[in-house]
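All ligand and atom numbering here is 1-based and tracks the order in the structure. Side-chain atoms are counted along with the backbone in the values below, which use heavy atoms only and exclude waters and symmetry mates.
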Amino acid sequence: MQPFFAQRFAKVEPSFIREILKVAMNPDVISFAGGLPNPAFFPHEQLAVASTKVLQNHSNGALQYAATEGFAPLRQYIADRYFKQYGMQVSPDNILITNGSQQALDLLGKVLVNEGDNLIIEEPGYLGAIQALSVYQPNFQGVALNDDGLDLAELDTLLAEPNHARMLYGVTNFQNPTGLSYSLENRQAVAERLIKHDVLMIEDNPYGELRFEGEHLPPIAKLAPDNVVLLGSFSKVVVPSFRLGWMLMPDWLCQKVTIAKQASDLHTNGFVQQVLHSYLQENDLDEHIERIRTVYGRQKVAMENALLKYCPGIEFTRPEGGMFLWLKLPQHINAMELFDVAIKENVAFVPGQPFYVRPDILNTARLSYAGADEATIEEGIKRLGRVISQVL
Ligand code: PMP
């Protein structure tokens, strides 16, 4: 039936991680593979109260079709939070509520990317962005992500080309998959280049609130507001199932993206937006996030200590927040092959290769510390250490 498929879909791959998660579902497996937030922090009782309240007051439109832009009080809440956190003066008119930040990637691809356009992406990069944007057939150009952010020399080389990319995608805090963040200097340097070369950045920030060490840094959107679309999400700080995210856009982009959203699904689920908003009115989000941060921070330390103990000589990143850390295995180890052995030893991780647009780097792996307690992390890393010694 091949002839029926649109050409644009020919190269879109299924998510490799979802395939891996199927294998890692076995309850005997200690899995560091998933990117799932820890369900212990889902505020189900508070959300039950909020749901009932919204249903009882449904005369305020919770069950009716609603505005494409999103529930106005929720957009105001998000705008106020940007001011509180980063001192950013933001109008709710520039915020569009999306069906998770994943939808924002699709909408931006739809509105901004032509087939064959150069599009710069950090490498390794978020697989979901590669997947969502590849529908629009860009030519991805990888720029290495270093310990302090984007590799500026590589970025400059690409931006010096006459037909250079007009778009750049990056996760500035606790990146998926590496856990790395852009330093303040790197953010400033990237902002300068966006302005100088007239490039639009998609700054994806679902993990920024989950900082357990160090100081919050300003988003690049604060430094170059006309050149950045900032994506946010409630998935990692409240619940992912609500599929509630947002984009903060410069004025010039709002109308087209709102039309794309309208064409795609009219609006994000209005009932769920009101339930979340009611939850945010009645509960202190900062206190809730503090609980998540404390536990993720402890689990990260447990994973680092276990790696030092059971996987000596293996390099890994030291994230200051978020859910992931990144292993660099000895050059000759192929993480895909290591995964097959690891599954037999009942431990799982995500091999790094699919996160690269130049897929010749085989010796990296992503581990999530979000979902397992400290004792389980120790046991899982002990198993991983055994697997690595076997392969060595
Ligand atoms: N961007 C990044 C970097 C992510 O890690 C994720 C979730 N895995 C998303 C976007 C999508 O999040 P949401 O649930 O808001 O669609």
Which donor-acceptor pairs under 3.5 Å do the side chains of residues 361-372 make with protein atoms, sequence neighbours left out?
| residue | atom | partner | partner atom | Å |
| --- | --- | --- | --- | --- |
| N363 | ND2 | L329 | O | 2.7 |
| R366 | NH1 | N176 | OD1 | 2.8 |
| R366 | NH2 | A33 | O | 2.9 |
| S368 | OG | M323 | O | 3.4 |
| S368 | OG | A370 | N | 3.2 |
| Y369 | OH | G321 | O | 3.1 |
| Y369 | OH | G322 | O | 3.1 |

Atom indices of ligand 1, in the order listed, that fall short of 4.0 Å to a heavy atom of [X]:
X    : value
P206 : 1 (N), 2 (C), 3 (C), 4 (C)
S235 : 13 (P), 14 (O), 15 (O)
V171 : 3 (C)
S233 : 13 (P), 15 (O)

Quick one: look up the protein heavy atom nearest [atom] and list residue, atom name and how far away it is.
atom                   : answer
atom 9 (C) of ligand 1 : Y126 OH, 3.3 Å
atom 7 (C) of ligand 1 : K236 NZ, 2.9 Å
atom 5 (O) of ligand 1 : Y207 OH, 2.5 Å

Closer than 3.5 angstrom, by distance alone: can the side chain of [X] be matched with the main-chain N or O of [Y] as a donor-acceptor pair?
X    : Y    : result
S51  : L47  : yes
T68  : L266 : yes
R211 : E215 : yes

For F349, all residues meeting ring-ring contact (aromatic ring centres under 6.0 Å, His included), sequence neighbours excluded: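 Partners of F349 under the ring-ring contact (aromatic ring centres under 6.0 Å, His included) test: F339.
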
- prompt: Who's closest to atom 1 (N) of ligand 1 heavy-atom-wise, of L105, D204, N99, T98?
  reply: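 The residue whose heavy atom sits nearest atom 1 (N) of ligand 1 is D204.
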
Ligand 1-proximal atoms of [X], by part, heavy-atom distance under 4.0 Å:
X    : result
Q175 : neither
R243 : side chain
S101 : both
F234 : neither

message: Using heavy atoms and a 4.0 Å limit, tell me yes or no: is Q103 in contact with ligand 1?
response: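 The answer is no: ligand 1 sits nowhere under 4.0 Å from a heavy atom of Q103.
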
Separation between CD of Q281 and CD of Q274, rounded to the nearest 0.5 Å: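 Output value for this atom pair is 11.5 Å.
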
query: Between atom CG of L384 and atom CD1 of I30, what is the distance when rounded to the nearest 0.5 Å?
result: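 Going from the CG atom of L384 to the CD1 atom of I30 covers 10.5 Å.
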
message: Using a strict threshold of under 4.0 Å (side-chain N to carboxylate O), is an ion pair present between D117 and R166?
response: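 Answer for the salt bridge query: no.
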
task: Verify the neighbour count for atom CZ of F42: are there more than 12 heavy atoms of other residues, nucleotides or ligands below 6.0 Å?
output: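 Enclosed: over 12 neighbouring heavy atoms sit under 6.0 Å from CZ of F42.
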
